Amino acid sequence: LGHSFPTRRSSDLSDPPTSLPPRSRIVSCPFPISLSYLNALDAFPGLRSHCAPFPATFLTTQQPKVIGCFFLIQQYLSGGTSHWGPYIRSLPQPDEPHKLATPLYYPEEARRWLGGTNLPAAIAQREAMWRREFEGGREVLEGSVEMEGLKGKWTWELYKWASTIFSSRSFVSKLIPDEVYGDVLDQPVSGYVNWREKIAEEGPYPVLFPLLDIANHDAKA
């Protein structure tokens, strides 16, 4: 669940509260510790993967959002060795449905209260879409030599968890400035004139900014 960040101009709590001017910077997160599809590509100096790469067949056949979810699963399965280990441990875990708190995790008795609304159909539609994404991605990964060590560990429950994390707390990749990509942006890439064109055409992608996502926020903020 989201929280608020109470702010004040002065660190002296005895000072009367005053409003902040628009666009004041309250809190920030270094771009290199963000987590998304862009890290899975491991193509940019400011957005590394810090782990074993996904097979090329997976990166070229799956949607960016799907790749981002499987990348988060890979980091979760890496445990304490993951570059994002402390952040992932701070998230609601796959076995904590009460903390994930979306209709896909509602117990049956709670779902009964949704009868007569349009939510059951929306839940079924969302779950069916995520299952298609999962089955397509898992099929490629299970058949790859590069991911042999994780064979059998790509589960639906983990994909549903990763999709829930991204859908409930992500920001958009358009917030990442060009300088984070380095000189790679204007280099050619298969199927596109350069990475700039690929990113523009395939994006925006959901991006996780550790700890900033705790607060209720506008995804474009």
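What you see is a predicted model; the values in this text were computed from it and never measured.
No donor-acceptor distance shorter than 3.5 angstrom exists from the side chain of Asn194 to the backbone of Gln187, with no hydrogens or angles considered. Although no hydrogens or angles enter the test, the distance criterion places no donor-acceptor pair under 3.5 Å between the side chain of Ser82 and the main chain of Gly79. Counting only distance, with no hydrogens or angles, the side chain of Ser24 and the backbone of Pro21 share a donor-acceptor pair below 3.5 Å. Checking side-chain atoms of Glu142 against main-chain N and O of Gly152 turns up a donor-acceptor pair under 3.5 Å. Within the 3.5 Å criterion, the main-chain N or O of Thr81 finds no donor-acceptor partner in the side chain of Ser78.
In this structure, Glu133 pairs ionically with Lys65, as a charged nitrogen and a carboxylate oxygen lie closer than 4.0 Å. Ion pairing between Glu108 and Arg111 fails under the 4.0 Å rule for side-chain N and carboxylate O.
Trp161 and Phe166 have their aromatic ring centers separated by at least 6.0 angstrom. Ring centroids of Trp195 and Phe44 are separated by less than 6.0 Å, placing the two rings close together. Between Phe134 and Trp154, the distance from one ring center to the other does not fall under 6.0 angstrom. Note: Tyr159 and Phe70 meet the aromatic proximity criterion, with ring centroids under 6.0 Å apart.
Using a 4.5 Å heavy-atom threshold, the side chains of Trp84 and Tyr76 count as separate. Contact annotation: the side chain of Trp130 approaches that of Ser167 to within less than 4.5 Å [non-hydrogen atoms, C-beta and beyond]. Taking 4.5 Å as the limit, every side-chain heavy atom of Leu41 sits out of range of all side-chain heavy atoms of Phe54. Taking 4.5 Å as the limit, some side-chain heavy atom of Pro177 sits within range of a side-chain heavy atom of Phe31. Using a 4.5 Å heavy-atom cutoff, the side chains of Phe171 and Leu212 are in contact. You'll find the side chain of Glu157 stays beyond 4.5 Å of the side chain of Pro94, heavy atoms only. Using a 4.5 Å heavy-atom threshold, the side chains of Ser173 and Leu38 count as touching. In this structure, Phe71 and Asn39 have side chains that are in contact, with non-hydrogen atoms separated by less than 4.5 Å.
In this structure, Tyr181 is not a member of the same hydrophobic cluster as Ile33, with clusters built from ILVMFWY side-chain heavy atoms closer than 4.5 Å.
The number of heavy atoms from other shown groups lying within 6.0 Å of CD (Glu109) is above 12. Other residues, nucleotides and ligands place no more than 12 heavy atoms under 6.0 Å from the CG atom of Asp183.
For the residue pair Asp213 and Tyr87, a side-chain donor N or O sits within less than 3.5 Å of a side-chain acceptor on the partner. For Lys198 and Ser190, the side-chain atoms include no donor-acceptor pair closer than 3.5 Å.
Taken from CD1 in Ile73 to CD1 in Ile165, the straight-line distance is 11.0 Å, to the nearest 0.5 Å. From Lys153, atom NZ reaches atom CG of Leu77 across 6.5 Å, with rounding to the nearest 0.5 Å. Once rounded to the nearest 0.5 Å, the distance linking CD1 of Ile123 with OG1 of Thr102 reads 8.0 Å. Rounding to the nearest 0.5 Å gives a distance of 5.0 Å between CZ of Phe209 and OG of Ser34. The CZ atom of Arg138 sits 12.5 Å away from the CD atom of Gln62 when rounded to the nearest 0.5 Å. Going from atom CD of Glu127 over to atom CZ of Arg132 covers 11.5 Å, rounded to the nearest 0.5 Å.
Considering all non-hydrogen atoms of both residues, Arg169 and Pro92 come closest at NH2-CD, 3.6 Å. The minimum heavy-atom distance between Asp42 and Ser49, with the atom names listed, is OD1-N, 2.9 Å. The shortest heavy-atom contact between Gln74 and Cys51 is OE1-SG, 3.3 Å. Residues Glu96 and Leu91 approach most closely at OE1-O, 4.3 Å, considering heavy atoms. Nearest heavy-atom pair, Cys69 versus Ala162, reported as atom, atom and distance to 0.1 Å: O-CB, 3.6 Å. In this structure, Pro45 and Val184 approach most closely via the heavy-atom pair CD-CG2, 3.9 Å.
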Problem set entry | Steps toward side-chain contact (heavy atoms from CB on, under 4.5 Å) verdict (Leu211, Val27) | CA-CA 10 Å; Leu211 300 187; Val27 63; over 6 Å; no
For this session: Evaluate the side-chain contact (heavy atoms from CB on, under 4.5 Å) criterion for residues Ile199 and Tyr205: first the C-alpha distance (whole Å), next the side-chain angles of each, then the deciding distance (0.1 Å), finally the verdict.
Result: CA-CA 9 Å; Ile199 289 172; Tyr205 321 112; 4.0 Å; yes
Exercise. Can you check side-chain contact (heavy atoms from CB on, under 4.5 Å) on Asp178 and Leu185, steps first, answer last?
Worked result: CA-CA 8 Å; Asp178 287 358; Leu185 270 184; 3.7 Å; yes
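Judged by the 6.0 Å distance and 45° axis criteria, Lys160 is positioned over the aromatic ring of Tyr105.
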